[in-house]
Amino acid sequence: MKALIEPAARIKGRLVAPADKSISHRAAILAAMADEPVLVTNYLEAADTLSTLAAIEQLGALVERRTDGVMIRGVGLRNAAVPKGAIDVGNAGTLIRLLPGWLAGQDGSSFELDGDDSIRRRPIDRVAEPLELMGAEIDATKARFAPFTIHGARLHGIEYTLPVASAQVKSCVALAALLAEGETTIVEPDASRDHTERMLAKAGVKISRDGSDLTIFPTDELTLPDRIDIPSDPSSAAFAIAAAVLVPGSRLLVEGCSVNWTRSGFIEIAQRMGAVIITDLEPRPEGSEISHDEPVSDIDVTAGPLKPATVTAGEVPLAVDELPLIALMACFAEGETRIEGAAELRLKESDRIASVVTALNDLGAEVEATDDGLIVNGHGSLRGGRVDAGGDHRIAMLGAVAGLASQEGVEVDGIEAAAVSYPNFLDDIAALR
Ligand code: S3P
C-alpha cells in the first residue's frame, strides 16, 4: 500500500502514543510463566504483540480479551504445553529471542519456532549459544536461523558475557536462569533496556545488579502483580516527536510516555542536537538497585533549529530503534553527524544501515554507510521523493516523517508495515497536522 505524505504546515496537538511493544511482549510471556492470572491493561494491539498472545496460547496459556485489558492465565514455570505445529512469531524479533529462554527449561519437551521472511534472515545463534551453555539443545537452519527446534533440558546457571549489548539476549538468558540450577550472571558490555529485570524483581525473583553484572537466582514460581499497566512506547512516540522538532512552528505534547532511562537515548541525543524537548527523564541510577516500576512523563516538544552531533557506541542500545530518526534529523542540521558503534542496526527487521542510506539519499540527503554506522552530511532541508519500506515498520514511518518535514512530500511504498508496532500511525499523524 502506498501513502503520499505531503509536507506539513506544522505539527500541533496532543498525542497518546501506543503501548510499549517491549513491555507488552514481556508482560505476556511472564504472565504465561506465572501460576496466578494477570490482567494486562493497555496491551499493545499490534501485529508483533498479537503474535506473542497467539504463541503463549499455543503453549497452554488462556488469553481472554476484556474491555479493561487482556486477562492471561498462565501455565506456570515448568508446564508449557507442546504445540502441534511450529510456533509462528510472525515478524517479532523480541518474541523469537525471549521465548526460547523459557522453553529451554522445559525438560524433555521440544518446540519448533518459525517466522516470516525477515525473521528467517535474522540470526538466533546469539540466544542459542548461551542456552546451549546452560544445557539445552537447539537445531537451527544452517546453525543460526529460523525455523529451529529447542530441546528443553535441566538447565544449570552460567556466567555469560554478552558479545553485544542486547536486551533481547539478556532477557532470554534471564528467563532461562529462572529454571536453572544455581545462579546465572550476565555481564553486559553496555546498558540496554531493563524491562525484564524490572518485571522479574516485581515478580519476587531474587535478582541483583553489580555494575555491569546482572545475577538472577532460580525460582519455583513467578508472583506477578495481578495487574500490569503498559505505558506508552517512547520508540513509537519518537516519530511524532521528530516531526514536531523538524516542522517549523510545531508544538506537540506527548502524554504519559515511558521515560525509562534505558529508552531515553533518542531524547537525549535530540536535545544535544538543540531540539527543544522538555520532559522529566528518569535519571540513570547510581547504585545497584533494580527499579520495579516503569516511569512515565509528558514530553513537550517545540520546533527549532538543529546542529549535528556524534552518537557513540555506549548510547546506541539506549536509542537503537530511533537511530534512523536521528539520521533524518541530522539531514536538517548543517554539517556532519556521525553514528558510531551501531553494527547491530544491520540485524534489525531490515539492514537498517543500508535501508536508511537508501531511503534518505532517495529523498535528496547525503548519507553514507560505515561498517558500524552512518555519516550524515546535513544541508538544513530535505527535498522529498519516494521511500520503499521494504517490509520494515520503522523505515515506513521514517519515510512518512520525512514527508511531513520535506519540501515536496514523500510517497511511502509499503506503509502497511507500520502495523507491526503502530497500527494507528497514519491517523495519529493526520490528527496532528
Ligand atoms: C528489544 C530490544 C532491541 C530492540 C528491539 C526490541 C526488546 O533489540 O531493537 O526492537 O524488546 O528487548 P536488541 O536488544 O537485540 O538490540
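One-based numbering, in listed order, for ligands and for the atoms of each.
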(message) I need the nearest protein heavy-atom contact for atom 15 (O) of ligand 1: residue, atom name and distance, please.
(response) Ser166 OG, 2.9 Å
(message) Is there a polar contact, in the sense of an N or O pair closer than 3.5 Å, between Glu349 and ligand 1?
(response) no
(message) So does Pro231 get a backbone contact from the side chain of Asp20, meaning a donor-acceptor N/O pair under 3.5 Å?
(response) no
(message) Is His25 close enough to touch ligand 1? Criterion: a residue heavy atom under 4.0 Å from a ligand atom.
(response) no
(request) Scan side-chain atoms only and decide if Tyr422 and Asp233 contain a donor-acceptor pair under the 3.5 Å cut-off. (result) no
(request) Give the residue and atom name of whichever protein heavy atom lies nearest to atom 6 (C) of ligand 1, and the separation in Å to one decimal. (result) Thr94 OG1, 3.4 Å
(request) Find all atoms of ligand 1 within a distance of less than 4.0 Å from any non-hydrogen atom belonging to Lys348, and give their numbers and elements. (result) 3 (C), 4 (C), 8 (O), 9 (O), 13 (P), 15 (O), 16 (O)
(request) Could you tell me if any non-hydrogen atom of His195 lies under 4.0 Å from any atom of ligand 1? (result) no
(request) Name all residues meeting the salt bridge (Lys or Arg N to Asp or Glu O under 4.0 Å) criterion together with Arg198; count only those two or more places apart in sequence or in a different chain, and write none if there are none. (result) Asp194, Glu282
(request) Please write down residue, atom name and distance for the protein heavy atom closest to atom 10 (O) of ligand 1. (result) Asp321 OD2, 2.8 Å
(request) Under the side-chain hydrogen bond (donor to acceptor under 3.5 Å, both in side chains) rule, collect the residues that match up with Asp114, sequence neighbours excluded. (result) Arg120
(request) Give a yes or no on whether Asp226 atom CG has more than 12 heavy-atom contacts from other residues, nucleotides or ligands under 6.0 Å away. (result) no
(message) Looking at ligand 1, is there an atom of it that comes within less than 4.0 Å of some heavy atom belonging to Arg26?
(response) yes
(message) Just by distance, no angles: are the side chains of Arg97 and Ser171 close enough, under 3.5 Å, to form a donor-acceptor pair?
(response) no
(message) So does Ala165 get a backbone contact from the side chain of Ser192, meaning a donor-acceptor N/O pair under 3.5 Å?
(response) no
(request) Just need the protein heavy atom nearest to atom 11 (O) of ligand 1, so name the residue and atom and give the distance. (result) Ser22 OG, 2.7 Å
(message) Give me the residue, atom name and distance of the protein heavy atom closest to atom 14 (O) of ligand 1.
(response) Ala167 N, 2.6 Å
